[in-house]
Every structure is written in structure tokens, then in C-alpha cells.
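Below: the structure, in C-alpha cells.
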Amino acid sequence: MSKRQSILSLYEKLISRYGPQGWWPILSKANKKGFDEKGYHPSLYDYPKSKLERYEIVVGSILTQNTAWKNVEKALLNLFHKKMFSPESVLKCEQKFLAQVIRPAGYYNQKAIKLKHITEWFISNDYIISKKTERFKRSEYFKEDEVNLLISEVRSNLLKVHGVGPETADSILLYAYHIPTFVVDSYTKRLFQIHKIYTPTGKNLLDYQKIQKMVHSVFNQKDYVSKVKIFNEFHALIVKEGKNSVN
DNA sequence: TCCCAGGGGCCGA
DNA sequence: TCGGCCCATGGG
């Protein structure tokens, strides 16, 4: 089997085994119509729909770094309950206080600094990026060059932000803005190795880029929305499988 | 008690 | 460039 076929069959296997995962969870919408008690929304791919929902995903992507999602939920709930959940209030808030509010997520001093930085980025970039992606989602034709330009611009912009590395940048692109890019994590590297799709070089960044490139070339749909959907599910399913195989 | 979880920054060689 | 170290809580 070619690597291309291996990747395709891995995706098919995972989606038929686990079904739609409903990523990225939006905790503030938990138990609302279409959402479960943790804010997952299986088969609803048009979320996030609002600025605040996008901000929740951006914040979550920082808080979850090297951290179990369960602890991120506690930190998010703290932010909601303290009525601190908006870009403005996070910026306004004293850093030490912010750190205490997000304490359950761990690395709280580091993450308070990171949240300040990503929030500044969000305030100056959210509107323009979501406008552009709305246009792609509506258009009938997949303008590949334009989309690739958008990806590389926003991505390199994000990577300059303190606290944002490749995985966090791609998570924000894909899950907050519906920009079709594949998120690579340690589960992905392990799973691809097991399935003999990829032999690790040992160099973290290089592995990341090579795996991402492979997946991008396999799913070359001309339809923007279905591409976003596949990358959304594929990463979420790999995380599901990764957790499943550990236990 | 130990180990890991939906990483990334920084520093010295 | 790259390896090693640091950040830190909570659950199994």
C-alpha cells in the first residue's frame, strides 16, 4: 500500500470507528442545542460563529499546551465565573490575578503572559481573518493560491506571537478560523510511525513539516469546506485513538 | 509516589 | 541549528 493509501485508509478506519468528534469544544455553549455537556458539537462544522466563540478557542489552544483538557475546562470556567471572558478584560486584568484564575491549567505564570500576547494578536487580527475565510466558505470555487497565501500569512504572523508554536498556530487556523491546515501532534507522529507512513528523523520541526505536507497533499479536494471538515476530524480522531490506545 | 497530559521559550555550545 | 531544561496542576 502506498503512503497515500495508508493515510486515506487510516482516516476511513478512524472515522468509521469513532464517528464525528465535534471539535473544537465550546464550553460556553455546553448543553445548548447541538452541543453536549462539554461543548462538543458533532457534525456541526460551522462553529465557532461569533467573535467570542473564536476567542474561546484561541484561549483554549494556549491553555491546553502540555495539559490535559479536563484542567483547561476548569480554568475556562473560572474565567467565565469571574466575568473575565473577553479580550478586553483579559488585557485589562493584572497578570498575577489572571494567573491565579487560570491556575488549574498548570504553567499558570507562563500562560498568563502568553494569554496577554495572543489576546493582543486576536484584537488586531480577528476581524480581517474571519472576513476572508467567510468569503472562501461561500465561494463555489476553491481558489487554492489565495487560500495558500492566507495560510502562510496568518501562520507566520501567529508564529511571531510569544507562546505560539507550530501546533498551536495550526490549531488556531483550523479550529478558530476554518482555515484548512492539518494539526500534527505527538499522537500523529506515533500513529504514522506505527502504520509505517512515516519514519521519524528525530528532528521535531522537520517531522512536523513533513507529516503536514504529506497529509495536505493527500486531501487535495477542490472544495474548501470539505477540506476543513476532513482536517478537523482527522486530528480530533487521532487524539481520540491516541488516548484510547494508551488506556 | 511517579508519570503524563491536545507545547513552547530560552540558553549555551 | 539543536539538545536540554524549565514551566506546574491534577488525576490515575
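Note on naming: letters A, B, ... go to the chains in the order of the sequence lines (proteins, then strands), and numbering restarts at 1 for each one. Just so we're clear, the structure is a prediction, and the values are computed from it rather than from any experiment.
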For nucleotides 10-13 of chain B, give me every protein contact, N/O to N/O, under 3.5 Å, one pair per line with atom names.
none

Using a cutoff of under 3.5 Å, can you pull out all pairs of nitrogen or oxygen atoms linking the protein to nucleotides 2-6 of chain C, with atom names and distances?
unit_1 : atom_1 : unit_2 : atom_2 : d
C/dC2  : OP1    : A/K203 : NZ     : 3.2

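At C/dC7, none of the side-chain N or O atoms of A/Y108 fall inside 4.0 Å of OP1 or OP2 (strictly under the cut-off). Contact between the side-chain N/O atoms of A/K74 and the OP1/OP2 oxygens of C/dG11 is found at a separation under 4.0 Å.
Nucleic acid contact for A/V164: sugar-phosphate only, since backbone atoms but no base atoms lie under 4.0 Å from a heavy atom of the residue. Residue contacts for A/N204: at a heavy-atom cut-off of 4.0 Å it reaches no nucleic acid atom on any strand shown. Among the protein residues, A/V161 comes within range of the sugar-phosphate backbone only, with heavy atoms under 4.0 Å from sugar or phosphate atoms but none that close to a base.
Remark: the A/Y55 side chain and the A/T119 side chain contain an N/O donor-acceptor pair separated by less than 3.5 Å. At a cut-off of 3.5 Å, with distance as the only test, a side-chain donor of A/K111 or A/T67 sits close to an acceptor on the other residue. Between A/Y45 and A/E233, the side chains place a donor N or O and an acceptor N or O closer than 3.5 Å (distance only, hydrogens not considered).
Nucleotide C/dT9 holds its P atom 19 Å from the CD atom of A/E73, rounded to whole Å. Put simply, CD1 on A/I113 is 12 Å from P on C/dC7, counting in whole angstrom units. As a whole-Å value, the separation of A/L115 CG from C/dC7 P is 19 Å. We find that CG of A/L76 is positioned 15 Å from P of B/dG6, with the value rounded to whole Å. Atom-to-atom, CG of A/L205 to C1' of B/dG7 comes out at 13 Å; the value is rounded to the nearest Å. We find that CD1 of A/I118 is positioned 11 Å from P of B/dG9, with the value rounded to whole Å. Going from atom CG of A/L158 over to atom P of B/dG8 covers 11 Å, rounded to whole Å. One interatomic measurement links the two molecules: CG of A/N78 to C1' of C/dG10, which rounds to 14 Å at whole-angstrom precision.
The ring of A/Y187 has its center no closer than 6.0 angstrom to the ring center of A/H235.
Other residues, nucleotides and ligands place more than 12 heavy atoms under 6.0 Å from the OH atom of A/Y18.
In terms of polar N and O atoms assigned as donor or acceptor, the side chain of A/Y208 never comes within less than 3.5 Å of the base of B/dG8 in a complementary pairing.
Paired runs in DNA chain C that reach 3 or more consecutive Watson-Crick or G-U pairs, where each pair keeps both distances under 3.5 Å, cover B:2-5 with C:9-12, B:7-13 with C:1-7.
To the nearest 0.5 Å, the span separating CD on A/Q100 from CZ on A/R103 amounts to 6.0 Å. Between the CD1 atom in A/I179 and the CD1 atom in A/I172 there is a gap of 10.5 Å [rounded to 0.5 Å].
A tilted orientation is assigned to the rings of A/F35 and A/H41, their planes being inclined by 30° to 60°. The aromatic rings of A/Y177 and A/W121 lie perpendicular to each other, with more than 60° between the two planes, well past the 30° mark. The aromatic rings of A/Y224 and A/F136 lie parallel to each other, their planes meeting at an angle below 30°, with 60° marking the opposite boundary. The aromatic rings of A/Y11 and A/F219 lie perpendicular to each other, with more than 60° between the two planes, well past the 30° mark.
Under the salt bridge (Lys or Arg N to Asp or Glu O under 4.0 Å) test applied with A/D126, the options A/K51, A/K132, A/R54 reduce to a single match, A/R54. The only option from A/W69, A/Y40, A/Y47 that meets the ring-ring contact (aromatic ring centres under 6.0 Å, His included) definition with A/W24 turns out to be A/W69.
Set against C/dC7, B/dG8, B/dG6, the side chain of A/K114 has B/dG8 as its closest nucleotide.
Place A/H235 and A/L159 on DNA chain B by their nearest nucleotides, and A/H235 ends up nearer the 5' end.
Side-chain contacts under 4.5 Å among hydrophobic residues (ILVMFWY), followed directly or transitively, place A/L205 with no other residue at all.
Salt bridge A/E241/A/K13: absent, no basic N to carboxylate O contact under 4.0 Å. Using a cut-off of 4.0 Å between Lys/Arg side-chain N and Asp/Glu carboxylate O, A/K131 and A/E134 are scored as not salt-bridged.
Stacking annotation: A/W24 is not stacked on the base of B/dG6 (requires ring centroids less than 5.5 angstrom apart and an interplanar angle below 30 degrees).
Scanning for salt bridge (charged side-chain N to carboxylate O under 4.0 Å, His left out) contacts around A/R4 gives an empty result, with sequence neighbours left out. Here A/K189 pairs with A/V184, A/N204, A/D207, A/I211 under the side chain to side chain contact (heavy atoms under 4.5 Å, CB included) rule; sequence neighbours left out.
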Can you list, pair by pair, the side-chain donor-acceptor contacts under 3.5 Å of residues 152-159 of chain A, counting residues two or more places apart and other chains?
unit_1 : atom_1 : unit_2 : atom_2 : d
A/S152 : OG     : A/N148 : O      : 3.3
A/S152 : OG     : A/L149 : O      : 3.1
A/R155 : NE     : A/D170 : OD1    : 2.9
A/R155 : NH2    : A/D170 : OD2    : 3.0
A/S156 : OG     : A/S152 : O      : 3.0
A/S156 : OG     : A/E153 : O      : 3.2
A/N157 : ND2    : A/N125 : OD1    : 3.4

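If you check residues 165-178 of chain A against DNA chain B, the residues with a heavy atom closer than 4.0 Å are A/G165, A/P166, A/E167, A/T168, listed by number. Annotation: proximity of residues 62-72 of chain A to DNA chain B (heavy atom, distance under 4.0 Å) is found for A/T64, A/Q65, A/N66, A/T67, A/A68, A/W69, numbered in ascending order. At a non-hydrogen distance threshold of 4.0 Å, A/R103, A/P104 from residues 94-104 of chain A come into contact with DNA chain C. Sorted by residue number, the list of members of residues 45-60 of chain A with any non-hydrogen atom under 4.0 Å from DNA chain B is empty.
The same atom, P, is picked in C/dC5 and in B/dG6; the two are 24 Å apart, to the nearest Å.
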Candidate pair A/Q212 and A/H216, rule side-chain contact (heavy atoms from CB on, under 4.5 Å), full reasoning: CA-CA 6 Å; A/Q212 186 179 58; A/H216 282 180; 3.5 Å; yes
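Counting only residues at least two apart or in different chains, ring pair (Phe, Tyr, Trp, His ring centres under 6.0 Å) contacts with residues 147-167 of chain A comprise A/H117-A/H162.
Of all the heavy atoms in A/A105 and A/V72, the pair that sits closest is CB-CA, 4.5 Å.
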